[in-house]
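Single-structure report; data block below.
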Amino acid sequence: MSALHDHLRARLLAACQSLGIDAAVAAPLLRLDPPKNRDHGDVAFGAFQLAKAVGKAPPALAAELAAAVAADAVIESAAAAGPFVNFRFRRDALARDVLGAIQRGDAPYGRSTKGGEVVCIDFSSPNIAKPFHIGHMRSTVIGNALCRIWRHLGATVHGINHLGDWGMPFAKMMTAYMRWGSETELHQSPMRYMFELYKRYSREAKDDPALDEAAAKHFQALESGEDNQERRMWQLLRDESLKAFQGPYARLGVTFDHVTGESFFEDKMAGAMQRVTAAGVLEESDGAEVVWLKELGIKEPCILRKRDGTTLYHTRDLAAVFFRESAYRPTRILYVVGAEQKLHFDQLKGVLTKMKEPVAQAVEHVPFGLVLSRTEEGKWEKFASRAGNAVFLDEILDEAVAKVREVIRQKNPDLPDADAVAEQVGVSAIVFNDLKNSRIKDVKFDWDAMLTFEGETGPYVQYACARLSSILRKAEAPVPDVAAVDCAVLADAERVLLTMMDFGSAVQRAAEQSEPSCVTGHAIALAGEIHSYLRDHYVVGQEPRVRDARLVLVDCARKLLTTGLGLLGIAAPERM
RNA sequence: GCGCCCGUAGCUCAAUUGGAUAGAGCGCCAGACUACGGAUCUGGAGGUUGGAGGUUCAAUUCCUCCCGGGCGUGCCA
């Protein structure tokens, strides 16, 4: 993970051998962790498992190991504390190693050049029959962060926008438009207009079953593949939606490697169905074609073709898996989709498993919780804006940006480019909030807390970056190379350095668990440590030896925070 | 009914996958340099980790049951 850790592990392994423990036994058990309490040391080794393997009591083994690891140029001390061995690095070595790696852009602080994973990430995937609202944001920002995190680790990433541009929801939209729509109004404000049509359809369909029947007919006509009215309508509505989506995507800093919606798989479903049939797992049930998954513990069958002959979500997702498998050769296919669709992805994976397709093990659902807002009575329920039911993402971002603009007017009235900065900070506050907690948790959207920008927020981390940038601007010297400074003077920055050292494992965990909050948490922690450090440690005006060392520290902190925010899709302004 | 998820300080969440004295932010109380950004920092109060069993040297974490909340459950996505 770092040169320091490698060195420590080697010393520990040698110590094991000196105690007569077989290296092959010891090596896999030498896990180094940050201690629960940093006062104990920089790195800890819990001797439990190794002790069991060699038949000793953990505290006794820990004591022997501590005694067998003598101090050297890197290790300051090794001390047993019960069943743990706590190690401390020499402060100058710690600073030199961490800051040097950050300055050079070495992994894990910089982007890794090696990494064999090929990761498909299916995210955002809005339904083009509906407006881009707050509910779409979670998949979008989580997926975006995962793309960036995996790329940082050296993986080949395919970010895919699997647009909902096919199927019944779209057919309903089409039906509404064909009945009541006007092209002039559509072009004026496509998303809002479509939203109106959508609402009208929902209202009227309640009392008029003929609407849904008409929609089903239109979908059949669309799926017939003929060049008809439905197809032209589909093209028009799809184009307009895609254009409109560029707004939120640009604001959120999101890009895709492939925009292949459900419609893209229109001509690939027949092949997929053949493959399912050939595997001998397709069965007829009530006129539909299904795959039963009872032996995999799933009671509901996966329906691949409806009684009326048309396809479903599952059919297209299955075709998509096969397409991605042959086009990208992925080691993982991640679906960043709400937790309420767990069954769907269990079924998808189940069908592939039953077909004995190796790609089954690559398929992984990355679920997340809902977005909730607080009601008058203080209860949490599905998100509604403060005004009422308009839930367009743009409006939410606008409100956050407006609030930031006000804060800037109060605190930094002379800021150049204030509008651009307000946009960056406001949008990032919303994004950061979404990525702050474990993704499976519902996001509780508390406007009052969100718009104060104090504490664990995006602006808090950005503020740290701006403050560090400010110091670098005011310093009367350029940032030197680590090799040219006296790292011993950074002994007082140990907390900052140790937090920096955690960056690699945070990013690694974020990828392994598909959990961007690991990165968010690290950014908050590092921002907090550097803020605390700056309180009592000045840079400007110090004697050159101290100033230069601190300049390196400040510069590296700024770099690493910027990298962390970048992994989350968030910009780090120089001033705010 | 069945399946899955969640339950930790007043509120919102952590706890690096089973390890040391369960930590942060908000809120509350008390404070901070006539020097680099106060969107900050320092200190304090606040806990039977929903409940009961079990496994383990060790449980917020794993198992069983119960309680509370959410989501899903055959032709929507």
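Order of the sequence lines sets the chain letters (A, B, ...), proteins ahead of strands, with each chain counted from 1. Side-chain atoms are counted along with the backbone in the values below, which use heavy atoms only and exclude waters and symmetry mates.
Counting non-hydrogen atoms of neighbouring residues, nucleotides and ligands closer than 6.0 angstrom, the CD atom of A/Gln513 exceeds 12 such neighbours.
Under a 3.5 Å cut-off, the side chain of A/His218 and the backbone N or O of A/Glu230 do not form any donor-acceptor pair.
Summarising the geometry, the separation between CG on A/Leu50 and C1' on B/C57 is reported as 16 Å, rounded to the nearest angstrom. As a whole-Å value, the separation of A/Lys36 NZ from B/A15 P is 10 Å. B/C6 atom C1' lies 14 Å from atom NZ of A/Lys342, rounded to whole Å.
A/His537 comes within contact range of at least one nucleobase, with a heavy-atom separation under 4.0 Å. Heavy atoms of A/Arg316 sit under 4.0 angstrom from primed sugar atoms or phosphate atoms, though from no base atom. Within the nucleic acid shown, A/Ser125 has no heavy atom closer than 4.0 Å to any nucleic acid atom. Residue A/Pro58 is out of contact with every strand shown, counting any heavy-atom pair closer than 4.0 Å. Nucleic acid contact class of A/Ala339 (heavy atoms, under 4.0 Å, all strands): none.
In this structure, A/Phe84 counts as stacked on the base of B/A20 under the 5.5 Å centre distance and 30° plane angle limits. You can call A/Tyr538 stacked on the base of B/A35; the centres are under 5.5 Å apart and the planes sit within 30°. With centres under 5.5 Å and a plane angle under 30°, the ring of A/His40 is stacked against the base of B/A20. Centre separation under 5.5 Å together with a plane angle under 30° does not hold for the ring of A/Tyr460 and the six-membered base ring of B/A39, so they are not marked as stacked.
In textbook terms, a nucleotide whose glycosidic angle is within 90° of 0 is syn, while B/U40, being further out, is anti.
A/Gln347 is not listed as a side-chain neighbour of A/Asp317, based on a closest heavy-atom distance of 4.5 Å or more.
For A/Phe195 and A/Phe132, the distance between ring centers is not under 6.0 angstrom.
Among the nucleotides B/U17, B/A39, B/C13, the one closest to any side-chain atom of A/Met576 is B/A39.
Applying salt bridge (Lys or Arg N to Asp or Glu O under 4.0 Å) to A/Arg305 and the options A/Glu283, A/Glu223, A/Glu289 leaves one that passes, A/Glu289.
The base of B/U17 lies close enough to the side chain of A/Gln513 for a donor and an acceptor atom to sit less than 3.5 Å apart. Contact of A/Asn86 with B/A20 (side chain to base): a donor-acceptor pair of N or O atoms is detected under 3.5 Å. In this model, a side-chain donor or acceptor of A/Ser285 finds a partner on the base of B/G74 within 3.5 Å.
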